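Worksheet for the structure shown next.
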Amino acid sequence: MDNNKEIVTKNNFIKTIASTMRYMGLKVLLSGVDYSSPLPHLVTVYPDKEKYYLIEPISLECFSEESPRLFKDDEHKDVRRYCRELFKDDQKKAAVVASILCDMSAGVEMFTYKLVGTYELISMAKYACLAVPCDLEKKTCEALHYLKLEHRTLNVLDKFTLILIDKAQTAKLPEIKKFIKFILNNK
């Protein structure tokens, strides 16, 4: 794959996603520039379709042996450890599940804006979305099947794959994370 350099680190992958989507004529909002919450990193707005996608990029470094998705020392470290233990024989799947339960669900919780710039998000439908390297689409979908999350895939110019999560299940992501934390705290 000739675009590996663009998808290895999270920051490079975010830049690749944003520039590719803008090139395609889509509206892309960036955390820290267009809105102040740290997650999600990217939001793509489709004003004509009355919906927007909260994008969680999972770069190649996130699938590595020392994946920050699995070993980050933050408020979700128990869930990350749970994912490592649950999928000890499949660290890539563990990284995806941890990304969804910790980072994507946090982005869904944090992004509560009614209005950003000229976009009236309050009247639009909100969807969660993963952006992954094309050759890791299958492994990512396996993790989504494990979590029983309905999704669709979309290859974007052979640069990366977007995995779109069902609207109703997007709203449930923070509750799924809270349930797992509850179980872990009461074992």
Side-chain angles (χ1 to χ4, degrees), residues 1-64 66-70 72 74 92 95-100 102-141 143-144 149 151-167 170 173:
M1 186 186 300
D2 64 335
N3 64 342
N4 265 356
K5 192 175 88 184
E6 296 175 342
I7 61 177
V8 171
T9 65
K10 192 172 190 177
N11 287 338
N12 284 350
F13 196 28
I14 289 169
K15 289 176 189 170
T16 298
I17 295 165
S19 64
T20 303
M21 296 184 106
R22 284 187 179 120
Y23 169 78
M24 294 170 58
L26 302 172
K27 307 298 179 201
V28 179
L29 306 174
L30 291 169
S31 174
V33 176
D34 300 298
Y35 54 91
S36 60
S37 61
L39 291 173
H41 298 287
L42 296 158
V43 177
T44 303
V45 182
Y46 296 81
D48 54 325
K49 295 183 179 176
E50 292 293 308
K51 60 184 174 183
Y52 61 96
Y53 290 94
L54 310 176
I55 301 175
E56 180 60 39
I58 307 180
S59 64
L60 287 176
E61 75 178 338
C62 297
F63 289 99
S64 69
E66 294 298 315
S67 171
R69 302 296 183 141
L70 294 172
K72 189 175 183 181
D74 62 3
K92 286 183 167 83
V96 173
V97 172
S99 300
I100 293 166
C102 301
D103 307 308
M104 179 182 271
S105 66
V108 170
E109 275 182 299
M110 286 181 195
F111 196 83
T112 56
Y113 298 92
K114 294 177 170 60
L115 186 74
V116 174
T118 59
Y119 304 111
E120 290 187 37
L121 302 176
I122 193 167
S123 63
M124 297 185 189
K126 174 164 61 172
Y127 294 85
C129 176
L130 293 170
V132 298
C134 293
D135 48 345
L136 288 162
E137 174 186 332
K138 184 178 180 208
K139 184 62 70 178
T140 305
C141 288
L144 288 161
L149 292 174
H151 60 280
R152 296 186 334 252
T153 60
L154 176 66
N155 180 303
V156 180
L157 304 177
D158 285 329
K159 290 184 174 258
F160 54 89
T161 298
L162 288 178
I163 301 175
L164 315 170
I165 312 263
D166 177 80
K167 178 183 160 188
T170 292
L173 283 172

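These numbers were taken from a predicted model, which means no experiment stands behind them.
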For a quick test of reading the model, state the closest non-hydrogen atom pair linking [X] to [Y] and the distance between them.
X      : Y      : value
Tyr35  : Val43  : OH-CG2, 3.5 Å
Thr170 : Val108 : O-CG1, 3.6 Å
Ile17  : Ala131 : CD1-CB, 3.4 Å

Just jot down the salt bridge (charged side-chain N to carboxylate O under 4.0 Å, His left out) partners of Lys139, sequence neighbours excluded, or say none.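 Checked Lys139 against salt bridge (charged side-chain N to carboxylate O under 4.0 Å, His left out); matches are Asp90, Glu142.
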How would you list, by chain and number, every residue that makes a side-chain hydrogen bond (donor to acceptor under 3.5 Å, both in side chains) with Asp34, sequence neighbours excluded?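 Listed in chain order: nothing, the list is empty.
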I'd like to check the side-chain hydrogen bond (donor to acceptor under 3.5 Å, both in side chains) partners of Thr161; sequence neighbours left out, ordered by chain and number.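 side-chain hydrogen bond (donor to acceptor under 3.5 Å, both in side chains) check on Thr161 returns Glu137.
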Keeping the roles fixed (side chain from [X], backbone from [Y]), state whether a donor-acceptor pair exists under 3.5 Å.
X     : Y      : result
Ser37 : Phe111 : no
Ser31 : His41  : no
Glu56 : Pro40  : no
Ser67 : Ser64  : no

Supply the atom-to-atom distance [X] [atom1] to [Y] [atom2], rounded to the nearest 0.5 angstrom.
X      : Y      : atom1 : atom2 : answer
Asn11  : Glu61  : CG    : CD    : 8.0 Å
Ile100 : Ile165 : CD1   : CD1   : 5.5 Å
Glu109 : Leu173 : CD    : CG    : 9.5 Å
Met24  : Ser19  : CE    : OG    : 11.5 Å
Ile55  : Phe13  : CD1   : CZ    : 9.5 Å
Leu130 : Asp103 : CG    : CG    : 10.0 Å

Could you work out, with ring pair (Phe, Tyr, Trp, His ring centres under 6.0 Å) as the rule, every residue matching Tyr53, not counting sequence neighbours?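 Residues passing ring pair (Phe, Tyr, Trp, His ring centres under 6.0 Å) with Tyr53: Tyr46, Tyr127.
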Do the non-hydrogen side-chain atoms of Leu30 and Ile14 ever get within less than 4.5 Å of each other?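 The answer is yes; the side chains approach within 4.5 Å.
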Does the side chain of Phe63 come within less than 4.5 Å of Pro133's, by heavy atoms?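 Yes. Closest side-chain heavy atoms under 4.5 Å.
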Begin with the C-alpha distance, continue with both residues' side-chain angles, and end with the deciding distance and a verdict on side chain to side chain contact (heavy atoms under 4.5 Å, CB included) for Leu29 and Tyr119. CA-CA 10 Å; Leu29 306 174; Tyr119 304 111; 4.0 Å; yes
Does the pair Met21 and Leu42 meet the rule for a side chain to side chain contact (heavy atoms under 4.5 Å, CB included), with working shown? CA-CA 11 Å; Met21 296 184 106; Leu42 296 158; over 6 Å; no
Any chance you could lay out the ring-ring contact (aromatic ring centres under 6.0 Å, His included) test for Tyr52 and Tyr113, step after step, and finish with the verdict? CA-CA 12 Å; Tyr52 61 96; Tyr113 298 92; 9.9 Å; no
Is there any salt bridge (Lys or Arg N to Asp or Glu O under 4.0 Å) pair reaching into residues 113-134, and which pairs are they, with sequence neighbours excluded?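 Checked against salt bridge (Lys or Arg N to Asp or Glu O under 4.0 Å) - neighbours excluded - no pair reaches residues 113-134.
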Within a reach of under 6.0 Å around NZ of Lys27, are more than 12 heavy atoms found that belong to other residues, nucleotides or ligands?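 At most 12 heavy atoms, drawn from other residues, nucleotides or ligands, come within 6.0 Å of this atom.
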Working for side chain to side chain contact (heavy atoms under 4.5 Å, CB included), residues Cys102 and Arg69: CA-CA 8 Å; Cys102 301; Arg69 302 296 183 141; over 6 Å; no
I'd like to know whether Ile163 forms a side chain to side chain contact (heavy atoms under 4.5 Å, CB included) with Cys141, so could you lay out the CA-CA distance, the side-chain angles of the two residues, the decisive distance to 0.1 Å, and finally the verdict. CA-CA 8 Å; Ile163 301 175; Cys141 288; 4.1 Å; yes
Under the rule for side-chain contact (heavy atoms from CB on, under 4.5 Å), what residues qualify as partners of Ala143, not counting sequence neighbours?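 Applying side-chain contact (heavy atoms from CB on, under 4.5 Å) to Ala143 gives Lys93, Val96, Val97.
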